[in-house]
Amino acid sequence: VERLVCVCLYDALCELTGTSSKWGVLTGIRPVKLVESLLASGLHPEQVIQVLKKDYLVSEEKARLCIETAGEEQKITSLSTDRSFSLYLSVPFCPSRCSYCSFVSHAVEKAGKLIPAYVDCMVKEIAAAGESAARCGMKLETIYFGGGTPTVLTADQLRRVTKAVKDHFDV
């Protein structure tokens with residue numbers, strides 16, 4: 001039902017504005033996740049392309065890009081083991097607050113004074129996570145900085161965070 005409502009709304013807006021998107025109704029979601037699900041259900045890549053075009057109004061070009069991306073992503077994710085994990089380093093501060101943002105983040109002008117203490121806590125948490133991972137025999141695979149705009153940290157603060165990762169994980 002949700003997809004059908006999206007398609008109806010999309011069709012109405014395309015007619016009203018005279019424009020359309022090559023991504024059809026997939027705008028704002030992770031299209032490869034859908035592609036992986038369709039492939040896992042047993043569909044052949046060409047069948048997935050047809051589903052994307054017919055049911056989600058995706059262009060041929062973008063549908064093929066999704067298939068290609070899913071293939072590349074699968075090569076990478078197949079390297080993971082039951083003992084590998086990713087480390088997410090959240091820096092929930094931004095130069096300003098965007099009206100469309102869904103992250104839990106704060107504008108530096110209002111919350112900037114919290115950053116030094118936040119970095120102190122982050123370094124302690126990285127140490128604890130490293131000890132826990134080592135105890136469990138886990139292997140760090142990827143590191144992701146996000147949650148806001150990590151470059152609001154000073155070079156020194158960023159250096160402290162990355163040094164903590166280096167000191168407490170096998171990188």
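Bear in mind that the values here come from a model prediction, so they are computed numbers and not experimental data.
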Quick one, [X] and [Y] - any side-chain contact, counting heavy atoms below 4.5 Å?
{"X": "Thr19", "Y": "Cys14", "answer": "no"}
{"X": "Lys124", "Y": "Cys121", "answer": "no"}
{"X": "Lys110", "Y": "His106", "answer": "no"}
{"X": "Leu153", "Y": "Ile115", "answer": "yes"}
{"X": "Ile67", "Y": "Glu46", "answer": "no"}
{"X": "Leu52", "Y": "Leu34", "answer": "yes"}

Next on the checklist: Could you walk me through whether Lys22 and Val58 satisfy the side chain to side chain contact (heavy atoms under 4.5 Å, CB included) test, starting with their C-alpha distance in whole Å, then the side-chain angles of each, then the deciding distance to 0.1 Å, before giving a yes or no?
Outcome noted: CA-CA 6 Å; Lys22 290 183 179 185; Val58 175; over 6 Å; no

Applying a strict under-4.5 Å side-chain criterion to I, L, V, M, F, W and Y, I'd like to know whether [X] and [Y] cluster together.
{"X": "Ile143", "Y": "Ile76", "result": "no"}
{"X": "Leu57", "Y": "Leu13", "result": "no"}
{"X": "Tyr88", "Y": "Met122", "result": "no"}
{"X": "Leu9", "Y": "Leu4", "result": "no"}
{"X": "Tyr144", "Y": "Met138", "result": "no"}

Checklist entry - How are the rings of Phe93 and Tyr118 set to each other: parallel, tilted or perpendicular (split at 30° and 60°)? => result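 Plane angle over 60°, so perpendicular.
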
Checklist entry - Would Val165 and Val171 satisfy side chain to side chain contact (heavy atoms under 4.5 Å, CB included), going step by step from the backbone distance to the final call? => result CA-CA 8 Å; Val165 173; Val171 294; 4.1 Å; yes

Could you pull out the closest heavy-atom pair between [X] and [Y], with the gap in Å?
{"X": "Ala63", "Y": "Ile49", "value": "CB-CG2, 3.9 Å"}
{"X": "Ala70", "Y": "Val35", "value": "CB-CG1, 3.8 Å"}
{"X": "Ala129", "Y": "Phe169", "value": "C-CZ, 3.8 Å"}
{"X": "Val152", "Y": "Pro95", "value": "CG1-CD, 3.6 Å"}
{"X": "Tyr10", "Y": "Ser21", "value": "OH-N, 2.9 Å"}
{"X": "Cys136", "Y": "Arg83", "value": "O-NH1, 3.3 Å"}

With no hydrogens and no angle check, is any side-chain donor or acceptor of [X] less than 3.5 Å from a backbone partner on [Y]?
{"X": "Glu72", "Y": "Thr69", "answer": "no"}
{"X": "Arg3", "Y": "Tyr56", "answer": "no"}
{"X": "Thr162", "Y": "Leu158", "answer": "yes"}
{"X": "Arg64", "Y": "Ser59", "answer": "no"}

Measuring from [X]:[atom1] to [Y]:[atom2], what's the distance to the nearest 0.5 Å?
{"X": "Glu141", "Y": "Thr81", "atom1": "CD", "atom2": "OG1", "result": "7.0 Å"}
{"X": "Leu79", "Y": "Thr142", "atom1": "CG", "atom2": "OG1", "result": "11.5 Å"}
{"X": "Glu15", "Y": "Ser20", "atom1": "CD", "atom2": "OG", "result": "12.5 Å"}
{"X": "Ser90", "Y": "Phe145", "atom1": "OG", "atom2": "CZ", "result": "11.0 Å"}
{"X": "Glu125", "Y": "Leu89", "atom1": "CD", "atom2": "CG", "result": "9.0 Å"}
{"X": "Ser41", "Y": "Glu36", "atom1": "OG", "atom2": "CD", "result": "12.5 Å"}

Next on the checklist: Surrounding CD of Gln47 (heavy atoms of other residues, nucleotides or ligands, distance under 6.0 Å), is the total greater than 12?
Outcome noted: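 More than 12 heavy atoms, drawn from other residues, nucleotides or ligands, come within 6.0 Å of this atom.
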
Checklist entry - Is the number of heavy atoms from other residues, nucleotides or ligands within 6.0 Å of NZ (Lys33) greater than 12? => result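 For Lys33, atom NZ is not crowded (no more than 12 foreign heavy atoms under 6.0 Å).
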
Next on the checklist: Please identify which of these residues, Gln74, Glu68, Glu73, meets the side-chain contact (heavy atoms from CB on, under 4.5 Å) condition with Val32.
Outcome noted: Glu73

Checklist entry - Just by distance, with hydrogens left out, do Thr149 and Thr151 show a side-chain donor and acceptor under 3.5 Å apart? => result no

Item to check | Test log, rule side chain to side chain contact (heavy atoms under 4.5 Å, CB included), inputs Leu39 and His44 | outcome: CA-CA 6 Å; Leu39 290 169; His44 181 274; over 6 Å; no

